[in-house]
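Counting begins at 1 with the first residue of the sequence.
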Amino acid sequence: MSSGCYLTTPAERHLKKCFKGGKEAIDILIKKEEDNKKKRKVSMVNKIETISLFSGDLGFNRRKLKQRLMPNAPSFCDTAICAHAHWFIYATSNPSLESFRDDYFKMMLMSMIPPDKAHQKNLILMILKLKLVVEAEFACFMCLLRNMLQKKLKESHGNRCCQFIHDGCTLDNKLKYQAFGLQFTHKKYQTNHVVALTFERVLSSTVENVGRLTEQVVKEITGVDFGDLCGCSIQDATAKSVAQYLQLEVETCDMHESDKIGRSAIGELLRKDGRGGIVNQFEEGKNLMHKLREQGKHFSSSHTDRVNYDTFLALHSHLPSTVILNDLNEMRISSRHNPVRSSLWLKRAVTMYFGQYQLPQLLSEEDWEFCREVEAVLNVSKDVSTLVQNEKGLYAAYGPVMGMELHKNLNSDTMEMIDVNNWGKTPKAPRVTVDVATWSDRGKECKQRALLECERRFFGNRSEDVIGGASEIKLKDREKAALVLDKRTCANTNVLSKRAW
């Protein structure tokens, strides 16, 4: 499961990969929209379909299409309008609507119009017409998506062939939104496709409301009932009841699970005892993160402090010329890891800077050593959380493998720690193997909390005690099937024991 927060496939690239031509696909593109739509909108959809085919945007054979569609070839005006719309929809720079009001932008477009076409009207897309064009482009995409899903259902002999993905969020203005997506494999089984269906505002995030909205959205966009299309779903652990409502196997997102391991290690994820009390307080971890944030703010909140720091770096060219990263994303453990790692990289520079300007040191030597230990723990869980966000490769069998590897590393008697004294100006940090027995009590507690949370997330441990090497990973039905069908993991004793196989 992905992100940001989903790693979605842009419609244009998605269609290029999936539709290589053929009479069936062409007939769907040139077919008129539903009769109950407004005449103007139907006309715009047909124009976009024809122009997209004519320009080769969807990966069809342009020569054959020109021969077939030449009697209905689009005018220069229609081609220009659709080119503007495609730039607004698919450009990687995410252009703003204000671009269409910019006089210089209009002058640039006018300068590229051939002299013999300059007398025509409406050669530049206006903002009032843009919404209609975007809706028509999405209607074309829905048409092609439905066609592909019908082929997938035919290939699977009517069996459910898609995985449903959803997540919810509450914005700073207290409005609630739900994001829905579909994931399925290409017919050649060489990659996954993740398609965002909607990002919709909801008044309530209860199980019944989210479940009904899921069935409604999938039916509306794909034209297929949810129960006939989706065989499994991925969601955060807090939304497991939605899968039960949809009568699917309960399966949680590996990205969210590994994120919570790191957050528990630094004391940001706490558990209650059922009576409102906290059973796993860790003030030392929260205090360290607070000090690191305050240290980073010193170089970003004041212009004078930043100028002084730049002047200091200019006089000490052997020190890294960068700043401490702030954890702006509260939902990802990688953002927590960034200020810890960058602070260690700049330890020498920060210590010398505070001493030169006679400022109080925010971190003591014991705090810096604890910071190294926390970074070693977060570095292990951060890598797993980052890898599982990749939706391109066939990583279905990787989840259990990464969970077991994470547990093995956290349960080890040694950890890879950053060698701060030998870290120069290069971004890659030198690491040394250190025995955990030499760590501070705070560092040992941080590692123990991460190990316990890993067992709770992946190994079914519901107690407050670490099981350790005797742990056995809990597998979902989909994960069992993926491990057996993947040649890289099937019957591999490095993945599961003989008894488990």
Side-chain angles (χ1 to χ4, degrees), residues 1-8 135 138 142 145-146 149-150 152-153 156 158-184 193-260 263 269-276 330-332 388-389 391 399 456-458 460 462 474-479:
M1 183 175 181
S2 53
S3 102
C5 104
Y6 293 120
L7 182 61
T8 57
E135 290 177 350
F138 184 72
M142 276 205 312
L145 176 63
R146 291 184 178 188
L149 291 177
Q150 289 297 331
K152 293 297 299 180
L153 289 172
S156 62
N159 293 312
R160 296 176 289 183
C161 57
C162 291
Q163 176 178 271
F164 180 68
I165 305 172
H166 71 98
D167 198 5
C169 66
T170 302
L171 306 184
D172 289 340
N173 57 8
K174 307 306 179 183
L175 297 181
K176 300 180 184 294
Y177 282 84
Q178 288 286 333
F180 298 140
L182 285 181
Q183 183 174 3
F184 50 91
H193 287 302
V194 183
V195 181
L197 299 181
T198 185
F199 183 67
E200 191 161 332
R201 179 185 173 185
V202 295
L203 299 178
S204 174
S205 297
T206 61
V207 175
E208 292 76 12
N209 288 338
V210 175
R212 286 195 295 267
L213 182 60
T214 296
E215 296 171 337
Q216 175 186 341
V217 168
V218 172
K219 175 66 175 179
E220 180 181 345
I221 294 181
T222 66
V224 184
D225 290 335
F226 180 88
D228 298 332
L229 184 64
C230 300
C232 59
S233 68
I234 296 292
Q235 56 274 313
D236 192 5
T238 57
K240 292 188 295 185
S241 52
V242 176
Q244 297 172 345
Y245 176 88
L246 298 172
Q247 299 181 353
L248 300 175
E249 182 186 15
V250 176
E251 189 169 354
T252 55
C253 170
D254 289 339
M255 181 190 68
H256 287 83
E257 300 291 78
S258 54
D259 264 356
K260 290 178 172 58
R263 294 183 64 186
L269 183 67
L270 305 175
R271 293 190 299 277
K272 297 182 179 180
D273 58 4
R275 298 185 297 272
E330 297 181 358
M331 300 302 295
R332 296 291 174 264
V388 296
Q389 295 182 58
E391 300 287 356
R456 292 178 63 86
R457 297 285 170 176
F458 296 115
R462 290 294 174 263
K474 292 185 63 177
L475 298 175
K476 305 293 190 301
D477 291 341
R478 181 189 63 84
E479 293 174 332

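Nearest heavy atoms, Arg160 versus Gly227: CD-O, 2.7 Å. Minimum interatomic distance between Arg212 and Tyr245 (heavy atoms only, all atoms of both residues): CG-OH, 3.4 Å. The heavy-atom pair separating Cys232 from Leu248 by the smallest distance is C-CD1, 3.9 Å. Counting all heavy atoms, side chain and backbone alike, Leu182 lies closest to Leu197 at CG-CD1, 3.7 Å. Closest approach of Glu200 to Thr198, counting heavy atoms only: OE1-OG1, 3.6 Å. Shortest non-hydrogen contact noted between Leu246 and Gly211 is CD2-O, 3.9 Å.
Atom CZ of Arg263 is separated from atom CG of Leu270 by 9.5 Å, given to the nearest 0.5 angstrom. To the nearest 0.5 Å, the span separating OG on Ser233 from CD on Gln247 amounts to 12.0 Å. In this structure, Ile165 CD1 and Cys230 SG are separated by 9.5 Å, a value rounded to the nearest 0.5 Å.
Heavy-atom contacts from other residues, nucleotides or ligands closer than 6.0 Å to CG of Asp172 number 12 or fewer. For Leu171, the CG atom sits in a packed shell: over 12 heavy atoms of surrounding residues, nucleotides or ligands are nearer than 6.0 Å.
Under the ring pair (Phe, Tyr, Trp, His ring centres under 6.0 Å) criterion, Phe226 pairs with Phe164, sequence neighbours left out. Asp225 is linked by a side-chain hydrogen bond (donor to acceptor under 3.5 Å, both in side chains) to Lys219, counting only residues two or more places apart in sequence or in another chain. Scored by the side chain to side chain contact (heavy atoms under 4.5 Å, CB included) test, Val202 finds Lys176, Gln178, Ser205, Leu213 as partners (sequence neighbours excluded). Residues passing the side chain to side chain contact (heavy atoms under 4.5 Å, CB included) test with Asn159, sequence neighbours excluded: Ser156. Considering only residues two or more places apart in sequence or on other chains, Phe138 meets the ring pair (Phe, Tyr, Trp, His ring centres under 6.0 Å) condition with none of them. The salt bridge (Lys or Arg N to Asp or Glu O under 4.0 Å) search around Arg456 returns Glu464, not counting sequence neighbours. Partners of Glu220 under the side chain to side chain contact (heavy atoms under 4.5 Å, CB included) rule, at least two apart in sequence or in another chain, are Gln216.
For the ring pair (Phe, Tyr, Trp, His ring centres under 6.0 Å) condition, the pairs that include at least one residue of residues 199-224, sequence neighbours left out, are Tyr177-Phe199.
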